[in-house]
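Below, each value reflects all heavy atoms present in this structure, side chains not excepted, and no hydrogens, waters or symmetry copies. Just so we're clear, the structure is a prediction, and the values are computed from it rather than from any experiment.
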Amino acid sequence: QEKLGVQIHQLVRKELDLSRKQQSAELEGMLRAGTPGPPGDSPAPPPATPPSLRPRLLQLVRDKEYNQAFLEALSASNLNLVVTVLEAVDVNEVFSIKPMPLQQNVLMSLTQQLGSNLAEHTEVKLSYLEECVIGLDHSRSASHVARITADLKASLLLFIERNPNHETVRKMRRLVMLIDGTQRNR
């Protein structure tokens, strides 16, 4: 029975890795394509080069250009840059703005990248993940959103299984329940 459990665990891990690679490719395409802004807006400048990216991201945050800051950090495929933006932005501030300043492609990519490594910066990631799951429009790109939230749920459950005494387990369980609720309400 223990051997079967190990085999199942390896299979689930392999499937998660494959799914994440596929989603990364899809989201990268979506991020590159972007979503046009309101009529009359000038096109966004191309992302800065990596050495100058951190100061640029922080300036975008100071200017309250949250979507562009997250978009550029996510496009760099560097989780440390994403965490830099997370820590510079008050989660309650950005998610209380109406209309939502983060576009759906940014929310989906943020959910995917933050869920891929829950071992570091766990508390701040969980705060954003909860808001991202709430902010995702499950009626648009429904199958893609469902896949992203299912992968997040699997990552959360795996983390809980491996770290049952971690200080964030209760918050992770609540997030799993939130994901379950959004999946049932589709």
Side-chain angles (χ1 to χ4, degrees), residues 20 23-38 41-137 140-141 144-145 148-149 151-153 155-156 159 163 166-172 174-176 178-179 182:
R20 279 199 184 104
Q23 285 179 16
S24 290
E26 290 175 23
L27 285 172
E28 213 168 286
M30 289 173 68
L31 285 171
R32 280 196 193 109
T35 304
D41 269 8
S42 59
T49 57
S52 63
L53 194 51
R54 188 175 190 283
R56 174 168 168 66
L57 294 174
L58 294 174
Q59 184 59 49
L60 287 168
V61 169
R62 282 191 294 277
D63 295 342
K64 298 191 182 305
E65 295 289 334
Y66 301 125
N67 193 72
Q68 189 64 30
F70 279 113
L71 181 63
E72 290 186 26
L74 290 162
S75 296
S77 297
N78 181 333
L79 193 54
N80 290 329
L81 287 174
V82 175
V83 171
T84 295
V85 176
L86 294 178
E87 292 177 338
V89 175
D90 176 7
V91 66
N92 296 317
E93 178 181 339
V94 75
F95 284 95
S96 65
I97 297 172
K98 303 293 181 223
M100 163 70 80
L102 301 183
Q103 296 170 348
Q104 287 297 303
N105 60 334
V106 170
L107 288 174
M108 287 188 287
S109 185
L110 195 55
T111 301
Q112 182 187 19
Q113 283 197 26
L114 296 182
S116 70
N117 176 3
L118 295 168
E120 298 175 0
H121 307 285
T122 309
E123 193 67 44
V124 70
K125 287 179 183 179
L126 287 174
S127 296
Y128 273 88
L129 283 167
E130 182 176 350
E131 294 296 338
C132 285
V133 168
I134 292 169
L136 285 170
D137 183 353
R140 291 179 53 205
S141 305
H144 196 61
V145 170
I148 290 171
T149 56
D151 285 350
L152 173 59
K153 179 181 172 181
S155 292
L156 290 164
F159 186 92
N163 307 282
H166 194 274
E167 61 190 10
T168 60
V169 164
R170 286 183 56 149
K171 195 169 191 174
M172 287 185 182
R174 282 195 304 270
L175 185 50
V176 167
L178 176 63
I179 292 168
T182 60

Subject >> Spacing of CD belonging to Glu130 relative to CG belonging to Leu114, to within rounding of 0.5 Å >> reply: 13.0 Å
Subject >> Atom pair CG/CD1 of Leu107 and Ile134 - distance to nearest 0.5 Å >> reply: 11.0 Å
Original post:
Can you find a heavy atom in the side chain of Glu72 that is under 4.5 Å from one in the side chain of Leu53?
Top reply: yes
Subject >> Residues forming a side chain to side chain donor-acceptor pair (under 3.5 Å) with Thr84, sequence neighbours excluded >> reply: none
Original post:
Quick one: CG on Leu178 to CG on Leu129, what's the gap to the nearest 0.5 Å?
Top reply: 10.5 Å
Original post:
So, does Tyr128 use its side chain to make a donor-acceptor pair with the main chain of Leu86 at under 3.5 Å?
Top reply: yes
Original post:
When rounded to the nearest 0.5 angstrom, what is the spacing between CG in Leu152 and CG in Leu118?
Top reply: 7.0 Å
Original post:
Can you tell me how far the CZ atom of Arg54 sits from the CG atom of Asn78, to the nearest 0.5 Å?
Top reply: 11.0 Å
Original post:
Between Ser109 (side chain) and Asn105 (backbone), is there a donor-acceptor pair under 3.5 Å?
Top reply: no
Subject >> For Lys171, all residues meeting side chain to side chain donor-acceptor pair (under 3.5 Å), sequence neighbours excluded >> reply: Glu123, Ser127
Original post:
Taking atom types as modelled, is there a side-chain donor on Gln59 or Arg62 under 3.5 Å from an acceptor on the other?
Top reply: yes
**OP:** Report the distance from atom CD of Gln113 to atom CE of Met108, rounding to the nearest 0.5 Å.
**Re:** 13.0 Å
Original post:
Are any of the side-chain heavy atoms of Ile148 and His144 separated by less than 4.5 Å?
Top reply: yes
Original post:
Is there side-chain contact between Val61 and Val85, with heavy atoms separated by less than 4.5 Å?
Top reply: yes
Original post:
Is it the case that more than 12 heavy atoms not belonging to Arg170 sit under 6.0 Å from its CZ atom?
Top reply: no
**OP:** Answer yes or no: is there a donor N or O on one side and an acceptor on the other, between the side chain of Gln104 and the main chain of Gly135, under 3.5 Å?
**Re:** yes
